[in-house]
Asks: 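Here it is, the structure, as structure tokens.
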Amino acid sequence: MEVQVKLRDGATRSYPVETPISAVASSISTSLAREAVAAKVNGKVVDLSKQLDGNAEVELLTLKDPEGVDVMRHTCAHVMAQAVARIFPGTKFAIGPVIENGFYYDFADHAFSPDHLPLIEAEMHKIIEENHPVIREVLSRGDALQLFSDRKDRFKVEIIHDLPEFETITIYRQGEFIDLCKGPHLPSTGRIKAFKLMSIAGAYWRGDSNREQLTRIYAIAYAKSTDLAEHLRMLAEAKRRDHRRLGRELDLFMFSEDAPGMPIFLQNGMHIRNELEHFERSLQSVRGYDEVKTPVILNKRLWEESGHWFHYRENMYVTKVDEEEYALKPMNCPGHMLIYKCRPRSYRELPIRIAEYGHVHRHELSGSLGGMMRVRSFTQDDAHLFCRPDQIEDELKGVLDLIDQIYSVFGFSYRIELSTRPDDSMGSDELWQQAEDALKKVLDESKVEYRINPGDGAFYGPKIDFHIEDAIGRMWQCATVQLDFQLPERFGLEYVAEDNQRLRPVVIHRAVFGSVDRFIGILTEHFAGAFPYWIAPIQVRIASVSDDFIPYAKDVLSDLQGAGFRVDLDARSEKIGYKIREAQLKKIPYTLVIGAKEQASHMVSVRKYGEGHLGEMQVESLSAMLHRQVKNKELLVKQ
RNA sequence: GCCAGCGUAGCUCAGUAGGUAGAGCAACUGACUUGUAAUCAGUAGGUCGCGGGUUCGAUUCCUGUCGCUGGCUCCA
């Protein structure tokens, strides 16, 4: 019997039934036979040993295909497990899936240390050298259970027990090593190219903190060693840009053991922060926002009313004041509800847009803290828009527009995600549906692309998240827009309509930077500390060539300070080269050199960060140029 | 919170097989008066994260604690 096989180029060939895919590859070309690592049959990735059992579309995969690389990564995970089994007999195996850029494997019953990684890596190279064929075998459930219980592989046994009743159970064998696995895999271990074991970490069995803790080894793996080298280069670049390092070197912010997870802003960081807030304020005021300030500590009653006490309690700092329980606010919403409710509202005043740079505290797990990216205390650029149902769309559009306006200034492109109802949520199905539909409609109408993230919404409503992409391609979730029908309900918010009816407004929560602190961390890494002129903590450094020119340098200093710039003067008795080097290391956008020539001609010699010497300029024309840069929020060329 | 690693001068790091520590840079002082990424010399700076234990003696070994870093959502 013959089966018809449709290939990637559209051609159809026929083969005897039970022909292995590897033979299909050989029949096409010898190079394909040599390079194929797996195949896609009717859209499903399978082993090359898989036999044709009917007409099919077959696409052969090599290490040039992303799916092919993933197959290699998966086999590499098995090789790592095999190496571990050889070096540390008795180690038990949990799971070893492919992840972005590589794979991991979770182990138990052996204490690993980072020193073991080179040993394991060396053994892996040996296994690859030995080039064991990777053989798939189908087992009955009974045989599989027998096999793995004999080996006391408790995790594998649990996995088999949990497999659906009619699932085909397969094991893969390479040399002396066997692993329960659905595959597919490379034809042999010798086909593995570049890999590197990266780190060792704890991980819970099945991600559940109530279950056994395993040791996980992370690795990266690529089809080409140059790709692997590129990945390592990216990691080094990320390290170079690390905001924790730059924050210290540039005196932006600091952390103290006495305030874990709570950033302390230094003078330089504060300049950036003030500029960001000032910029956002100016855009918001044009759009009819007003600013408010609400207390950091509020009575427990309020949190019960808002629902936080039941849905967010474990993240809240609680304290007692005069025998009453209070909590530090983890969010600003309830305070803003109080403001809305402070007097009767007319339909005429809606929408009411109130914004706050609200300092919130959230008790995050101590182990999850990290720099500015994950903290316990931060300031949100929060706002709540109270509107009539018929105003929702316009308000949402305004918010999307504002976000776009702000992000584009930093050169960020972004991706949008719509998150829908989570399991732990409150409110009726109808309200949720209505809210999700409204968000979808606005997104569809504004013709932006977005992805749906099922079940990832807030407990009080669906949300739109914005993920910005930084200069080295990493994504950061920042802005969020959330539609909320619950809080108005819980707080009994009302407005008086035209016909004197009491109606319920809708609340839109939104933040653009998200956490201002974290956004500054992201900006620091995005610009590698070389901030655009308008937010640079020190914008201009004046460097005098020798003591004789200090008086003129001081004149220039006060001129530029008078023009509203952040300028300082380096008048130390140092050589000009030394002063320049220091200004460059501090990534100050402009350095002005002042010596005899400049004093005589009443000019300044201008050097720009990343570009070098620009020539001499009059202070007035320099000042005009700098004003223009502030106005246009120009980016520096080099970071 | 849990697992692993780490914690020595402001920063980057060395060191002690247990005998209370050192370099470079930064800081300070002096000399030099300097032309676009490091002038020279000198001075000062550390309860070796914190507490307890072992020891004649602990920064070093043990233990507890605090903090930092990487992970704990990618399901054979």
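For clarity, every value in this text was computed on a predicted model and none was experimentally measured. Every chain is numbered from 1 and lettered A, B, ... according to where its sequence line falls, protein lines coming before strand lines.
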Asks: Give one of base, sugar-phosphate or nothing for A:Thr168, where a contact means two heavy atoms less than 4.0 Å apart.
Replies: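 Base, at least one base heavy atom under 4.0 Å.
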
Asks: Of all residues at least two apart in sequence or in a different chain, which pass the side-chain contact (heavy atoms from CB on, under 4.5 Å) check with A:Ala94?
Replies: A:Asp106, A:Phe155, A:Trp205, A:Leu214

Asks: Categorize A:Lys579 for me: base, sugar-phosphate, or nothing, with a 4.0 angstrom heavy-atom threshold over every strand shown.
Replies: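 Nothing: the residue A:Lys579, judged by heavy atoms under 4.0 Å, touches no strand.
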
Asks: By side-chain contact (heavy atoms from CB on, under 4.5 Å), which residues pair with A:Leu235, not counting sequence neighbours?
Replies: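 A:Leu235: side-chain contact (heavy atoms from CB on, under 4.5 Å) contacts with A:Met198, A:His231, A:Leu232.
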
Asks: Identify whether any heavy atom of A:Arg572 sits under 4.0 Å from a base atom; if not, whether one sits that close to sugar-phosphate; answer base, sugar-phosphate or nothing.
Replies: sugar-phosphate

Asks: Is it true that, when you exclude A:Lys92 itself, more than 12 heavy atoms of the residues, nucleotides or ligands shown sit nearer than 6.0 Å to its NZ?
Replies: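 Counting other residues, nucleotides and ligands, NZ of A:Lys92 exceeds 12 neighbours.
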
Asks: So what does A:Ala201 touch, heavy atoms closer than 4.0 Å: a base, only the sugar-phosphate, or nothing?
Replies: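 Here A:Ala201 touches the bases of the nucleic acid.
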
Asks: So, does the side chain of A:Tyr578 form a donor-acceptor pair with the base of B:G35 at under 3.5 Å?
Replies: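 Check fails, no donor-acceptor contact within cut-off.
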
Asks: If you look at every strand shown and take non-hydrogen atoms under 4.0 Å, does A:Glu167 touch a base, only sugar-phosphate, or nothing?
Replies: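 The answer is base, as A:Glu167 lies within the cut-off (heavy atoms under 4.0 Å) of a base atom.
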
Asks: At 4.0 Å (heavy atoms only), tell me whether A:Leu365 reaches a base, stays on the sugar-phosphate, or touches nothing.
Replies: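 Contact class for A:Leu365: base.
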
Asks: Among residues at least two apart in sequence or on other chains, which ones pass side-chain contact (heavy atoms from CB on, under 4.5 Å) with A:Asp470?
Replies: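 In terms of side-chain contact (heavy atoms from CB on, under 4.5 Å), with neighbours along the sequence ignored, A:Asp470 is linked to A:Phe412, A:Ile472, A:Arg474, A:Trp476, A:His526.
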
Asks: Could you tell me which residues satisfy ring-ring contact (aromatic ring centres under 6.0 Å, His included) with A:Tyr533, sequence neighbours excluded, listed by chain and number?
Replies: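 Expected list: A:Phe565, A:Tyr590.
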
Asks: Below 4.0 angstrom from OP1 or OP2 of B:C72, is there any side-chain N or O of A:Tyr218?
Replies: yes

Asks: For the side chain of A:Pro114, starting at C-beta, report the closest nucleotide among B:U69, B:G5, B:C2.
Replies: B:G5

Asks: Quick check for you: among B:C74, B:U36, B:C72, whose closest atom lies nearest to any side-chain atom of A:Tyr204?
Replies: B:C72

Asks: Considering residues at least two apart in sequence or located in another chain, which fulfil the salt bridge (charged side-chain N to carboxylate O under 4.0 Å, His left out) criterion with A:Arg572?
Replies: A:Asp570, A:Glu582

Asks: Which residue pairs pass the salt bridge (Lys or Arg N to Asp or Glu O under 4.0 Å) test when at least one of the two sits in residues 74-89 of chain A, sequence neighbours left out?
Replies: A:Arg86-A:Glu123, A:Arg86-A:Glu130, A:Arg86-A:Glu176

Asks: So does A:Glu598 reach the base of B:G35 with its side chain, donor to acceptor, closer than 3.5 Å?
Replies: yes

Asks: NA contact type, A:Gly367, heavy-atom cut-off 4.0 Å: base, sugar-phosphate, or nothing?
Replies: base

Asks: Encode nucleotides 6-12 of chain B as B, S and - characters from 5' to 3', where the letter depends on protein heavy atoms closer than 4.0 Å: B to the base, S only to sugar-phosphate, - to neither.
Replies: -B---SS

Asks: Taking only the side-chain heavy atoms of A:Lys575 (C-beta and beyond), determine which of B:C3, B:C74, B:U34 contains the nearest atom.
Replies: B:U34

Asks: Under the side-chain contact (heavy atoms from CB on, under 4.5 Å) test, which residues partner A:Thr168, sequence neighbours left out?
Replies: A:Val138, A:Thr170

Asks: Name all residues meeting the ring-ring contact (aromatic ring centres under 6.0 Å, His included) criterion together with A:His467; count only those two or more places apart in sequence or in a different chain, and write none if there are none.
Replies: none

Asks: Please confirm whether the backbone N or O of A:Leu197 pairs with a side-chain atom of A:Glu121, one donor and one acceptor, at under 3.5 Å?
Replies: yes

Asks: At under 4.0 Å between heavy atoms, what does A:Leu585 touch on the DNA or RNA strands: base, sugar-phosphate, or nothing?
Replies: base

Asks: Heavy atoms under 4.0 Å, any strand shown: does A:Ser368 hit a base, just sugar-phosphate, or nothing?
Replies: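 Base, at least one base atom sits under 4.0 Å.
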
Asks: Any donor-acceptor pair under 3.5 Å linking the side-chain atoms of A:Asp465 with those of A:Thr480?
Replies: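 Present: a donor and an acceptor within the cut-off.
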
Asks: With a non-hydrogen cut-off below 4.0 angstrom, is A:Gly595 in contact with a base, only sugar-phosphate, or nothing?
Replies: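 Since a base atom lies under 4.0 Å of A:Gly595, the category is base.
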
Asks: Measure up the A:His74 and A:His185 rings against each other and bin them: parallel (under 30°), tilted (30 to 60°), perpendicular (over 60°).
Replies: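 Judged by the thresholds at 30° and 60°, the geometry between A:His74 and A:His185 is tilted.
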
Asks: Using nucleotides 43-46 of chain B, report all nitrogen or oxygen pairs with the protein that are shorter than 3.5 Å.
Replies:
none

Asks: Using a 3.5 Å distance criterion without hydrogens, assess whether the side chain of A:Glu525 forms a donor-acceptor pair with backbone atoms of A:His243.
Replies: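 Yes.
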
Asks: Identify whether any heavy atom of A:Ala596 sits under 4.0 Å from a base atom; if not, whether one sits that close to sugar-phosphate; answer base, sugar-phosphate or nothing.
Replies: base

Asks: Grab the stems for RNA chain B, please: at least three consecutive Watson-Crick or wobble pairs, both distances below 3.5 Å, written as range with range.
Replies: B:1-7 with B:66-72, B:10-13 with B:22-25, B:27-31 with B:39-43, B:49-53 with B:61-65

Asks: So which protein N/O to nucleotides 29-33 of chain B N/O distances come out below 3.5 Å?
Replies:
residue: B:U33; atom: O2; partner: A:Asp547; partner atom: N; Å: 3.1
residue: B:U33; atom: N3; partner: A:Asp547; partner atom: OD2; Å: 2.8
residue: B:U33; atom: O4; partner: A:Asp547; partner atom: OD2; Å: 3.1

